[in-house]
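Some notes on the structure that comes next.
What you are looking at is a predicted structure, and each value in this text was computed from that prediction instead of being measured. Side chains included, hydrogens not; waters and symmetry mates left out as well; all remaining heavy atoms used.
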Amino acid sequence: MAAGQRPGFPVRLTPTASAATRGRLPAVPAKPTVHSTTPSMASDAVRARMVQRLAAQGIADARVLRAMGTVERHLFVDSALVNQAYEDTSLPIGLGQTISKPNVVARMIELLLGAPALAGKPGDRLGRVLEIGTGCGYQAAVLSHVASEVYSIERLRGLHERARANLRPFRLATVHLLLGDGMIGYAKGAPYAGIIAAAGGEAVPEAWIAQLAVGGRIVAPTQSATGGQALVVIDKTARGAERRILEAVHFVPLKSGIA
């Protein structure tokens, strides 16, 4: 890949890939996540009820509610779980991972949109965002409606390919899928206006903070003092990084490497 050139959708990222193979796409899985859905799950009314519930739970940002009401969550879960797609619950997506419940996705994206760079600009889109942990691709799809560009990195090859299959029909030109180690971020796309993580470690990696733009924000789960997990918000200012610890959460552990 030429210097300064950003990857298109999608791309495979490995630490040892050569220039000749970095842009080569892995084979698309023969079977996408969902082949068909029930008519009720495909209706706008079902998503509208989910959005109403999110608003009642305290999600107030119109950009987030609009994005959550646009992306069809049932297309990202297994057909056996379609009837639960719009319930406020996490669901398994394979390889020991889950799709976060709608309230958590909405809450974290709303926090991301509260970045200092967007202060006083409630209708603006966020700039370039890095997502750590693509999973099935649902959150990346939601992010595409509130950010100008999304880089999403996944360390599990099976989930990376699954997300590719799930997102391909949407033709999201601003979403770039990467196979790589999320703990080191993706320096070629930096600086980021926001970084959002779907896995939690003992601390936020310094690489993420280094790749964050001044005025940008990180929203991620981290290990709390009690041994559980809590959401942390990190704002990068000209003076340094400012941290806030928020509510308790439960995410899969943040791991390094590619599997």
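Separation of atoms CG (Leu111) and CZ (Arg217) is listed at 6.5 Å; rounding is to 0.5 Å. Residue Lys255 holds its NZ atom at 12.0 Å from CE of Met183, rounded to the nearest 0.5 Å. We find the CD-OG1 distance between Gln84 and Thr89 to be 6.5 Å, quoted to the nearest 0.5 Å. Rounding to the nearest 0.5 angstrom, the gap separating the CZ atom in Arg168 from the CG atom in Asn166 is 11.0 Å. Annotation: the span from Asp124 atom CG to Leu118 atom CG amounts to 6.0 Å, rounded to 0.5 Å. Taking CD from Gln139 and CE from Met108, the interatomic distance works out to 6.0 Å, rounded to the nearest 0.5 Å.
Under a 3.5 Å cut-off, the side chain of Gln211 and the backbone N or O of Tyr192 do not form any donor-acceptor pair. Distance alone, capped at 3.5 Å, is enough to place a donor-acceptor pair between the Arg128 side chain and the Gly189 backbone. A donor-acceptor distance shorter than 3.5 angstrom exists from the side chain of Arg73 to the backbone of Ala85, with no hydrogens or angles considered. In this structure, Arg155 contributes its side chain and Gly257 its backbone to a donor-acceptor pair below 3.5 Å. Listed for the Asp88 side chain is a donor-acceptor partner under 3.5 Å among the backbone atoms of Asn103. Formation of a donor-acceptor pair under 3.5 Å by the Glu154 side chain with backbone atoms of Leu156 is found in this model. Using a distance-only test at 3.5 Å, with no hydrogens or angles considered, a donor-acceptor pair links the side chain of Arg125 to the main chain of Ala147. Of the possible polar contacts, none joining the Asp78 side chain to the Ala80 backbone as a donor-acceptor pair under 3.5 Å is found.
Taking the side chain as every heavy atom from C-beta outward, Arg243 and Ile209 approach each other to under 4.5 Å. In this structure, Val104 and Val249 have side chains that are not in contact, with every pair of non-hydrogen atoms separated by 4.5 Å or more. Side-chain contact between Val146 and Leu112 is absent, with no heavy-atom pair separated by less than 4.5 Å. Looking at His160 and Thr134, their side chains never come closer than 4.5 Å, going by heavy atoms from C-beta outward. Side-chain contact between Met68 and Met50 is present, with at least one heavy-atom pair separated by less than 4.5 Å.
Here the closest heavy-atom approach between residue Leu126 and residue Val129 is recorded as CD2-CG2, 3.5 Å. Counting all heavy atoms, side chain and backbone alike, Pro191 lies closest to Ala213 at CB-CB, 3.7 Å. Scanning all heavy atoms of the two residues, the minimum distance from Gly58 to Glu110 falls at O-OE1, 4.2 Å. When all heavy atoms of Gly158 and Leu95 are compared, the closest pair comes out as CA-CD1, 4.0 Å. Considering all non-hydrogen atoms of both residues, Ala115 and Ala193 come closest at CB-O, 4.4 Å. Residues Arg66 and Thr70 come closest through the heavy atom pair O-OG1, 2.7 Å.
Checked options Leu130, Leu143, Ile132; the residue passing with Ile196 is Leu143 (criterion: side chain to side chain contact (heavy atoms under 4.5 Å, CB included)). Between Leu177 and the choices Ile153, Leu172, Leu167, the side chain to side chain contact (heavy atoms under 4.5 Å, CB included) rule is met once, by Leu167.
Cluster annotation: Val77 and Val252 are assigned to distinct hydrophobic clusters (Ile/Leu/Val/Met/Phe/Trp/Tyr, side-chain heavy-atom contacts under 4.5 Å, transitive). Hydrophobic clustering (ILVMFWY, side-chain heavy atoms < 4.5 Å, transitive): Val214 and Ile218 are in distinct clusters. One hydrophobic cluster holds both Leu246 and Leu54 under the rule that ILVMFWY side chains link at heavy-atom gaps under 4.5 Å.
Applying the ring pair (Phe, Tyr, Trp, His ring centres under 6.0 Å) test to pairs two or more places apart or on separate chains, those with a residue in residues 114-138 are Phe76-Tyr138.
Within a 6.0 Å sphere centred on CD of Glu202, heavy atoms belonging to other residues, nucleotides or ligands number 12 at most.
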Using a 3.5 Å cut-off and no angle test, enumerate the donor-acceptor pairs between side-chain atoms of residues 219-231 and protein atoms at least two apart in sequence or in another chain.
| residue | atom | partner | partner atom | Å |
| --- | --- | --- | --- | --- |
| Ser224 | OG | Thr226 | OG1 | 3.0 |
| Ser224 | OG | Gly228 | N | 3.2 |
| Ser224 | OG | Gly228 | O | 3.4 |
| Gln229 | OE1 | Phe251 | N | 2.5 |
| Gln229 | NE2 | Phe251 | O | 3.3 |

